[in-house]
S.K.: 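What follows is a structure written as structure tokens; I'll ask about it next.
Protein chains get the first letters and strands the later ones, always in sequence-line order, with residue 1 at the start of each.
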Amino acid sequence: MPTEFKNRDIISITDLSKSDILHILKVAEDLKKKPRPDLLKGNIMASCFFENSTRTRLSFETAMLRLGGNVTGFSNADVTSIKKGETLYDTIKIIGQYVDVIALRHPLEGAAKLASEATDKPIINGGDGANQHPTQTLLDLFTIRECQKKLTDLKIALVGDLKYGRTVHSLAQALVHFGVRLYLIAPNVLQMPNHILDTLKLSGIKFSMHENMESIINKVDIIYMTRIQEERFTDKIEYERLKDSFILKTEHLKKVQNSMRIMHPLPRVNEISPDVDKTKHAYYFEQAKNGLFVRQAILGLLLGKLN
Amino acid sequence: MTIQNKKLLVSAIKDGTVIDRIESGNALKVIHFLNIIDSEKIITVGLNLPSKVMGKKDLVKIENLELTTKQINDLAILAPNATINIIKKYKVIKKFKAEIPDYIHNIVTCPNPKCITNNENIITKFDIINKKNPIKIKCNYCEKIFEQNDILNYKHT
């Protein structure tokens, strides 16, 4: 049974049990099929974005508006009293007295946890530095299940910067619930950190590490691409040698499984060639769209309007 | 150093606490951590003393101060192998090891400079996720996992 969601915070994907996750996905699926335009009438969400964001902020705000709720907030810390030296704790304590729920993005790690201690209103973490971004992970899981009709027994390749990419860390942590086979494809210097590998080992799921995707791509159900940033490399020659092997092009897709789908948390820069967009395998724009339904589900659940 | 001399070092206070088997190099951190420099207590420090078990070790003796159980357990993260000797009238009346707790609050500064706890004045909280060597702690805020060697700053008790 999922835990009661009303007034809960969504801070970290590791706080959610398997049944919690499945329940959120089920509610999101229902909302995608059948919109509920009046569900959150009279409720107000504060959208507190201390850092830039396009998809996360707009999909949170749209999710609230499409459920009939209202939105207040800011998308730039420069317009807040943080500029005058007010602490995050005080800021959130006060905003919590005005609104019913707070979606927060902040550049510092642990900011959402601190915010949850400052107010009784539910906090939804929309990204705290390089730490957690649980709604992204939930929409990733939703998308995987949507395009593959299941979450278990899948072969999933995580590709690119696995060392610094928070989305792949959280996704790997969540996938341990579902018995998938993981292929971790990254340059050695950007492989998955040990603490995530420890979690994978402890869970008993099968995984392997690879330096290029050619040998793996034809056997997987999902390729989850992420961007490799040049500034992560101390050795620029190493970057030049590796950068092209992590760019997905149509020629890579000749022998892939028919049902294979490509995902990407976006924004992409050049790691997926634009001509891939037209193939049936491209699913990253649908993935971004799904953020809306997953965030609607979370808002409805935390505000006690959905069970 | 002869064994006789070493014994003398450990037991030569009338009343107080001897913290023995501190990892070599950590004695001054222990003193700072216990916040006893300004207490006007007499403190004797031994650095790099020979040790059969540890190779070399540090040792701290504090006169007329009996550490509380909480102080001792808080100390465990900094000196996990430490033995605490409580001295009364030149005799060791109690001898025990620090016990590593399940969590520590306000004991260490998070080594992650991007952690919110390094930017707002709040109490740090860590879960001890591995009590054996290497000791591992996990920040309740930034969720990063650190080994004891990663810890740069200990707060005062």
S.K.: Can you tell me which portion of T14(A) sits under 4.5 Å from chain B's heavy atoms? Options are side chain, backbone, both or neither.
M.R.: side chain
S.K.: Restricting to non-hydrogen atoms, name the atom on N131(A) and the atom on Y141(B) that form the minimum distance, rounded to 0.1 Å.
M.R.: ND2-O, 3.7 Å
S.K.: Is it true that atom NZ of K56(B) has more than 12 heavy atoms of other residues, nucleotides or ligands lying nearer than 6.0 Å?
M.R.: no
S.K.: Can you measure from NZ (K113(A)) to OG1 (T117(B)) and round to the nearest 0.5 angstrom?
M.R.: 12.5 Å
S.K.: Above 12 or not: heavy atoms from other molecules or residues under 6.0 Å from CZ of R227(A)?
M.R.: yes
S.K.: Between H195(A) and F146(B), is any pair of side-chain heavy atoms under 4.5 Å apart?
M.R.: no
S.K.: Between D90(A) and E120(B), is there a side-chain heavy-atom distance shorter than 4.5 Å?
M.R.: no
S.K.: Please report the C-alpha distance between K114(B) and D128(A) in whole Å, then the side-chain angles of each, then the deciding distance to 0.1 Å, and finally whether the side-chain contact (heavy atoms from CB on, under 4.5 Å) criterion is met.
M.R.: CA-CA 10 Å; K114(B) 289 190 171 171; D128(A) 57 335; over 6 Å; no
S.K.: Verify the neighbour count for atom OH of Y103(B): are there more than 12 heavy atoms of other residues, nucleotides or ligands below 6.0 Å?
M.R.: no
S.K.: For E99(B), I'd like to know if atom CD has over 12 heavy atoms of other residues, nucleotides or ligands within 6.0 Å.
M.R.: no
S.K.: Does some side-chain heavy atom of E143(B) sit less than 4.5 Å from a side-chain heavy atom of E109(A)?
M.R.: no
S.K.: Quick one: do I116(B) and H106(A) satisfy side-chain contact (heavy atoms from CB on, under 4.5 Å)? Show the steps, please.
M.R.: CA-CA 10 Å; I116(B) 189 78; H106(A) 197 281; 4.2 Å; yes
S.K.: Is the number of heavy atoms from other residues, nucleotides or ligands within 6.0 Å of CG (N52(A)) greater than 12?
M.R.: no
S.K.: Can you tell me if CG on N121(B) sees more than 12 non-hydrogen neighbours from other groups inside 6.0 Å?
M.R.: no
S.K.: Within a 6.0 Å radius of atom CG on D198(A), are there more than 12 heavy atoms belonging to other residues, nucleotides or ligands?
M.R.: yes
S.K.: Near K131(B) NZ, under 6.0 Å, is it more than 12 heavy atoms from other residues, nucleotides or ligands?
M.R.: yes
S.K.: Who wins among P107(A), G129(A), S12(A), P193(A) for the most heavy-atom pairs under 4.5 Å with chain B?
M.R.: S12(A)
S.K.: Give, for atom CG of L114(A) and atom SG of C115(B), the distance between the pair rounded to the nearest 0.5 Å.
M.R.: 9.5 Å
S.K.: Please flag which part of N112(B) lies under 4.5 Å from any non-hydrogen atom of chain A: side chain, backbone, both or neither.
M.R.: side chain
